[in-house]
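Below is one structure, written out as structure tokens; the observations come after it.
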Amino acid sequence: MSPSQTASGRNRRLLCSVAVVALLWPTNGWTQIAAISRGLDPIVVEGQTARAAKPRAATRSSASAARAQRAATSPAATNPAATPSPTASTAPTFNLGAPASSASRLNLTPLQTPASVEIIKSETIAERGQRNVIDAVTQNATGFTASPQPGNGGLSFTTRGFAGNGTVMSLYDGTRMYVGAGTMTFPFDTWTAQRIEVLRGPASVMYGEGAIGGAINVISKKPLAIQRNEAEISLDTNLTRRLAVDSGGPINPNVTYRLAAIGNMSDGWVDRDNTSNVAVSGSVRVQAADNLAFTLSEDYADRSPSRYFGTPLVGGRLDESLRFQNYNVGDAGIRYRDNWTQLKTEWDVSDSVSVKNVSYYLSSHRHWKNVESYAFSPTTGNINRNSYIEIFHDQEQIGSRTDATFRGHLFGLANQFVAGFDVNRIAFTSTNNSPYAGASSVSRFNFDPGAFLPVSPTRPGFHTLTTQYGVFAENRLSLTDQLAVVTGIRSDQPTVERTDFLTPSASFEKSYSAPSWRAGLVYNPIPDFAIYGQYSTAVDPVTNLITMTGVNRDFALSTGKQIEVGVKQSLAGGRAEWTLAGYQIVKNNLLARDPLNPANTNPLQIGQQSSRGIEASAGLIVVDGLRLDANVAWLRAQYDDFTQVVGGRAVNYAGNVPANVPQLVSNIWATWAFAPNWSANAGVQLVGQTFADNANTLTRPAYGLVNAGLSWKPDTRQTLSLRIYNLFDTVYTTSGNTTQWMLGMPRTAELSYNVKF
């Protein structure tokens with residue numbers, strides 16, 4: 001082992017030790033920390049309605065309603081500068097007491113929910129300079145990593161031992177776009193986000209098939225009742241130019257609006273990799289009556305992302321001299337265009353009954369034209385390129401989701417109940433140049449990238465029309481003031497009609513059944529302290545539902561089950577918080593080869609995969625102006641039964657770790673207001689080693705990333721920030737196979753200026 005490798009190992013062990021120490025910080029005296037400090041002043045973007053809605057809860061008193069009315073009409077409410085912003089050093093870290101819609105439709109807080117759910121607020125995201133959803137989730141949430149690639153749209157997460165868009169779902173404002181060919185391209189930028197909620201563990205009861213690992217819900221910025229404007233500009237050492245604007249406020253007493261836009265252009269950090277993107281999010285809320293409101297939102301994104309597909313390995317190892325080489329062709333291209341239109345209706349029928357509906361039209365148009373596979377040739381010393389791929393995705397989805405919530409009593413016990421239905425119709429067309437022929441060879445350095453080889457014609461491949469009907473219900477029954485039982489059930493009935501243009505005999509129509517349920521207990525022995533347990537089930541398609549092939553059409557959906565127990569606590573008004581959870585997930589009906597007949601190429605649905613782990617997180621204001629946050633996830637993920645054919649022989653990968661799944665993930669953040677108008681923060685992201693293949697023949701090394709930032713506020717409206725990402729210029733990989741790895745961004749410095757007006 002080289003000295004550098006030895007030092008790297010020592011550094012990783014030291015960082016792991018720091019993470020454990022932070023998590024085990026003694027709780028004695030936490031409740032003594034009660035003073036509110038000057039601290040830091042992050043960006044606050046909280047939506048308000050223009051007109052007070054009719055009270056929903058029967059227990060809401062007239063006095064509380066009057067207080068809310070006075071707050072809405074006070075000088076502070078009409079003048080943002082008159083209201084002191086909550087400081088970063090005093091803001092809750094995990095927001096255990098804030099309602100989270102991603103894990104329950106009953107408006108429960110994380111402390112009331114028998115599951116692992118976190119809320120990442122825009123203040124935290126802005127303070128830490130996390131420009132994209134990938135960084136905001138993986139550097140803040142417990143146990144999440146990402147494997148972004150151009151082929152999956154740059155949005156692919158891993159949690160609790162399960163990887164990919166087919167098992168970890170991404171949503172926007174609680175709405176999902178069905179995944180086609182493993183690809184998800186929106187949302188990607190955090191500027192338009194008010195918060196991000198993450199749910200670890202099965203989410204099928206909430207959102208249907210395809211969420212056995214967890215779900216990520218990006219909540220957009222909402223219309224404001226008071227006028228607020230904000231702009232930001234930044235430049236980094238990769239010549240990434242970023243311009244963002246945000247405006248919200250009242251149009252009249254009953255109509256409010258919000259408009260946020262972001263644009264980026266960059267030269268990229270690898271050769272020949274100019275990128276650009278724009279995203280616009282607009283919404284208008286109309287308070288038609290005291291108990292009736294409509295919100296129309298429109299989101300549009302146009303991206304030309306990175307065309308870097310990875311760095312080829314040399315002799316099965318990463319050659320760092322190739323770090324900045326881009327082996328794609330000179331005329332490579334990728335473009336994603338996404339459009340989301342949603343109309344939300346909120347109707348408070350009475351104090352105890354409310355109805356919501358979200359109707360939406362979603363579309364995504366994607367185009368890839370690249371050479372995507374590279375392999376080092378030990379004979380010539382060159383890089384052999386193949387897979388000249390051109391693909392078009394045209395996807396349109398129209399749907400509606402309605403639910404009704406009832407609050408009252410059942411057998412004399414306080415009870416909340418919600419029931420509803422979800423319908424979708426998804427049209428998907430794939431146009432490509434399969435079988436993706438073409439090959440070329442270039443030298444490792446100083447090469448002519450050449451042009452795309454149109455060896456195979458690009459033509460329509462198939463079209464699918466998927467209709468999905470789902471019904472769901474959830475209930476929370478308070479057995480006592482301290483003990484509640486939370487249950488949920490959902491059943492989806494999707495039907496896929498596939499028309500194969502190249503092989504008409506492969507066309508088919510197939511219906512599936514996707515039931516799931518969960519049941520949990522939450523016990524609150526003292527206020528702001530919860531002990532919980534839950535059993536839940538989930539379903540995943542064997543491949544993405546709307547791009548199901550004829551080979552897989554007759555297989556049932558994969559099923560999974562999870563047992564989870566944990567504790568959560570918030571102390572001193574959120575100045576200290578901690579969580580601890582343990583879980584086990586088993587997923588059945590994976591596709592595997594017949595161990596008794598290796599020559600049979602048709603798979604069987606006999607495989608099984610499992611994971612078990614422990615997750616912990618803690619946040620603490622150590623002293624006024626100094627906050628520490630840390631989380632860590634240990635897990636053991638493995639195949640219990642997964643037979644594949646290698647060299648004509650059946651090989652069972654039982655006991656192996658699935659590819660792209662680290663066994664240790666941790667984040668540590670420190671935020672320090674060290675002088676008047678000055679603040680600094682630093683974060684360490686630790687990711688354990690992963691395997692590049694299911695056979696576990698090649699290991700991608702563990703790594704630790706350090707990000708740091710310094711901010712100066714000359715006044716309450718202006719912020720000037722200097723940030724350095726990957727401070728120690730660590731060479732690390734985010735995904736890859738046995739021939740090429742995707743590398744992460746090198747050390748990058750960024751200067752930004754933010755102004756509110």
Side-chain angles (χ1 to χ4, degrees), residues 1-5 8 147 149-152 268-273 306-334 368-391 432-457 598-599 601 644-651 653 656 659-660 689-701 703 731-744 746:
M1 180 178 292
S2 67
S4 63
Q5 290 174 316
S8 175
S147 301
Q149 301 176 19
N152 59 34
W269 63 268
V270 296
D271 295 338
R272 301 178 293 103
D273 197 32
S306 172
R307 298 175 301 281
Y308 163 70
F309 275 81
T311 299
L313 304 180
V314 177
R317 300 172 61 88
L318 180 64
D319 183 350
E320 294 189 13
S321 68
L322 306 182
R323 184 182 187 185
F324 301 102
Q325 299 297 314
N326 179 8
Y327 293 102
N328 209 334
V329 291
D331 59 346
I334 304 177
W368 296 264
K369 188 177 181 180
N370 308 272
V371 56
E372 300 185 5
S373 298
Y374 322 127
F376 172 73
S377 172
T379 303
T380 65
N382 291 338
I383 304 299
N384 294 334
R385 307 184 302 185
N386 59 71
S387 297
Y388 281 72
I389 295 178
E390 182 171 33
I391 296 176
N432 57 67
N433 67 335
S434 177
Y436 313 125
S440 60
S441 180
V442 296
S443 60
R444 283 182 286 176
F445 306 99
N446 303 316
F447 58 89
D448 179 0
F452 187 85
L453 300 176
V455 178
S456 304
T601 59
Q644 299 295 297
V645 174
V646 180
R649 295 189 308 107
V651 178
Y653 290 149
N656 286 12
N660 296 320
Q689 71 174 19
T690 57
F691 290 102
D693 60 344
N694 291 330
N696 293 176
T697 60
L698 188 62
T699 302
R700 300 202 313 269
Y703 62 87
V731 180
Y732 67 100
T733 65
T734 59
S735 61
N737 52 34
T738 56
T739 61
Q740 69 190 71
W741 289 351
M742 293 287 297
L743 303 184

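What you see is a predicted model; the values in this text were computed from it and never measured.
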Full working for side chain to side chain donor-acceptor pair (under 3.5 Å) between Asn382 and Ser377:
CA-CA 6 Å; Asn382 291 338; Ser377 172; over 6 Å; no

List the steps and the verdict of side chain to side chain donor-acceptor pair (under 3.5 Å) for Gln149 and Ser735.
CA-CA 8 Å; Gln149 301 176 19; Ser735 61; 3.2 Å; yes

Please report the C-alpha distance between Phe324 and Asp273 in whole Å, then the side-chain angles of each, then the deciding distance to 0.1 Å, and finally whether the side-chain contact (heavy atoms from CB on, under 4.5 Å) criterion is met.
CA-CA 10 Å; Phe324 301 102; Asp273 197 32; over 6 Å; no

Could you check Asn370 against Val329 for side-chain contact (heavy atoms from CB on, under 4.5 Å), going step by step and ending with a plain yes or no?
CA-CA 7 Å; Asn370 308 272; Val329 291; 5.8 Å; no

Determine all donor-acceptor pairs shorter than 3.5 Å in which one atom belongs to a side chain in residues 444-457; sequence neighbours excluded.
residue: Arg444; atom: NE; partner: Gly381; partner atom: O; Å: 3.3
residue: Asp448; atom: OD1; partner: Gly450; partner atom: N; Å: 3.1

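Within the 4.5 Å cutoff, the side chain of Glu372 has no heavy atoms near those of the Asn386 side chain. Put simply, the side chain of Gln325 does not reach to within 4.5 Å of the side chain of Ile383, judged on heavy atoms. Using a 4.5 Å heavy-atom threshold, the side chains of Ile334 and Phe309 count as touching. Using a 4.5 Å heavy-atom threshold, the side chains of Arg323 and Pro746 count as touching. The shortest side-chain heavy-atom distance between Leu313 and Gln740 does not fall under the 4.5 Å cut-off. With a 4.5 Å cut-off on side-chain heavy atoms, Val651 and Val645 do not count as touching. Side chains of Asn326 and Trp269 form no contact here, defined as non-hydrogen atoms less than 4.5 Å apart. At a threshold of 4.5 Å between non-hydrogen side-chain atoms, the residues Asp271 and Tyr308 do not count as touching.
Counting only N and O atoms by type, the side chains of Asn328 and Arg272 include no donor and acceptor under 3.5 Å apart. Side-chain contact, Thr690 with Asn660: no donor N or O sits under 3.5 Å from an acceptor N or O. Thr311 and Tyr327 form no side-chain donor-acceptor contact under 3.5 Å, judged by distance and modelled atom types alone.
A donor-acceptor distance shorter than 3.5 angstrom exists from the side chain of Asp693 to the backbone of Thr697, with no hydrogens or angles considered. Counting only distance, with no hydrogens or angles, the side chain of Tyr388 and the backbone of Arg385 share no donor-acceptor pair below 3.5 Å.
For the atom pair Ser387 OG and Tyr374 OH, the distance stands at 9.5 Å (nearest 0.5 Å). Remark: Gln644 CD to Arg649 CZ distance equals 13.5 Å, nearest 0.5 Å. Here CD1 of Ile389 is found 9.0 Å from CG of Asn432. Values are rounded to the nearest 0.5 Å. Note that OG1 of Thr733 and CZ of Arg700 are 4.5 Å apart. Values are rounded to the nearest 0.5 Å. In this structure, CG in Leu698 is found 7.0 Å from OG1 in Thr738, a value given to the nearest 0.5 Å.
Of all the heavy atoms in Trp741 and Gly736, the pair that sits closest is CD1-CA, 3.8 Å.
Ser443 is linked by a side chain to side chain donor-acceptor pair (under 3.5 Å) to nothing, counting only residues two or more places apart in sequence or in another chain. With sequence neighbours excluded, the residues that form a ring pair (Phe, Tyr, Trp, His ring centres under 6.0 Å) with Trp368 are Tyr336, His393.
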